[in-house]
Protein chains: 2
Amino acid sequence: MTIQPLSESTEMYLKAMAELNQHETVAIGRLAGRLNVTAVSANEMVRRLSEQGLVKHTPYKGAALTKKGREAAGNVVRRQRLWECFLHDQLKIEWTQLYEYACSLEHATAPEVTEALAVFLGSPKTCPHGNPIPAADGSFTPLNGIPLSEVSVGQTVRVLAVNASAKEVIVHLHERGLLPGRKIKVTAAAPLQGPLTLQVENREVALGLHLAEFVIVEIHSK
Amino acid sequence: MTIQPLSESTEMYLKAMAELNQHETVAIGRLAGRLNVTAVSANEMVRRLSEQGLVKHTPYKGAALTKKGREAAGNVVRRQRLWECFLHDQLKIEWTQLYEYACSLEHATAPEVTEALAVFLGSPKTCPHGNPIPAADGSFTPLNGIPLSEVSVGQTVRVLAVNASAKEVIVHLHERGLLPGRKIKVTAAAPLQGPLTLQVENREVALGLHLAEFVIVEIHSK
DNA sequence: GGGAATAATAAGGGCAACCTTATCTTAATC
DNA sequence: GATTAAGATAAGGTTGCCCTTATTATTCCC
Ligand SMILES: [Mn+2]
Ligand SMILES: [Mn+2]
Ligand SMILES: [Mn+2]
Ligand SMILES: [Mn+2]
């Protein structure tokens, strides 16, 4: 099983679901937004995906990946993140372009190539954005961190990963020094969903709460 | 110009034309055969390609690449052959699989990635099959060799390149040791388009005349 | 409990690439 | 100059994935 090649579109739906929510249900609207299609189109596609047993759709509740779908999605993510490592470490491609370029390559990569690439790269555990690279069977342990948006004022944290796919978001975060490994102090939080004020490497940065959701951090012990 | 991204299908048609015939006209039937589509489909597609100015179609004569089409085709070939180098030299993928795997990747590769890959690989001049890698502008000088099928009995030649795309052909030639660099003596030629008999590294090999067309050789001086 | 937001469904279309079957045209050949 | 093979064209289909507009159903929340 899991040997039939999936279309690029199918792979992107599965990946989007995995990125939005590993296990729980994903609202059709969010899926549509992430993939830049209308809700009607997303509905149609989810129907096709559930006919293929990749997704379980509960009307008015949302869609969830099945075991089969989760494995397939993990595999797509694996391919993307391995390519990101290659593009970054070997080809010296800009950090902000990695996601986009790897997002094309991921659909054109045979299993044998994927595994040879992993070996070539030394079986990296995370991509250049800090996200974990799933195993060959599609499984992986999510990061043990929380979104920056949930950190309370006064705390110091370390960036584990940047988990964004929209180019503008990636560029925005990059420009503000929000990269894996960086130490950050949350110095203020504006009311009414206003921006956070951060201390990033001796630099004061304002960051919208929504944008902070994409930054996964761990509390900086000591 | 030449900035619009072409569809995978379009790129494959252009590449097939370049592989079949760099400059002259290509018969629609051959194109259809190479791409595994019906002649009707090839006709339709050639019409679309000529509407885009990539191809010049002369009814009942055949189709030829325009300057624009030749550049685009050269670029596809460049991407493929660079990936073949990577897959072979770095990932250690089997020689017989290179064409197929690179044929997927070629359509998913942005110009920036292509050029970074070329630099990473040290700007190779030929692919692992011995074929020249076009420049970034799509231009390249064809090999200065002749098909093995045109060599006369008694001559000794050196293999410059294997220029096949069908997997079975590639495997067949590989099994018989017909790889770039090999020295070959043509010891006999059967009548009525029968097979050639070759001396390949102390081994006697029979090779169909049709298959010999894919092996590009140079006369072995001295 | 009613209204708003979200989701689902129905109906009708579009586009790129493919397909089959049938008819007609041209080129090549003897 | 007639035959034949190859090519062109016409007509009608299919599949995947997308769209709009309209209607209906459900859930959520004040
Ligand atoms: Mn992708
Ligand atoms: Mn990444
Ligand atoms: Mn290809
Ligand atoms: Mn090659």
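Throughout, a chain's letter reflects where its sequence line sits, starting with A, and its residues are numbered from 1.
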(request) To the nearest 0.5 angstrom, please state how far the CD1 atom of A:Ile216 sits from the CG atom of A:Asn144. (result) 11.5 Å

(request) To the nearest Å, give me how far apart CG (A:Leu31) and C1' (C:dT6) are. (result) 14 Å

(request) Classify the ring geometry between B:Trp83 and A:Phe86 as parallel (under 30°), tilted (30 to 60°) or perpendicular (over 60°). (result) tilted

(request) Check whether any side-chain heavy atom of A:Gln97 sits under 4.5 Å from a side-chain heavy atom of A:Lys167, and report yes or no. (result) yes

(request) Going 5' to 3' through nucleotides 3-17 of chain D, assign each nucleotide B (protein heavy atom under 4.0 Å from a base atom), S (under 4.0 Å only from sugar-phosphate atoms) or - (no protein heavy atom that close). (result) ----BSBB------B

(message) Show the nearest heavy-atom pair for residues B:Thr25 and B:Gly62, with the distance to one decimal.
(response) OG1-C, 3.5 Å

(message) Less than 3.5 Å apart, any donor N or O on the side chain of A:Asn75 or A:Arg79 sitting next to an acceptor on the other?
(response) yes

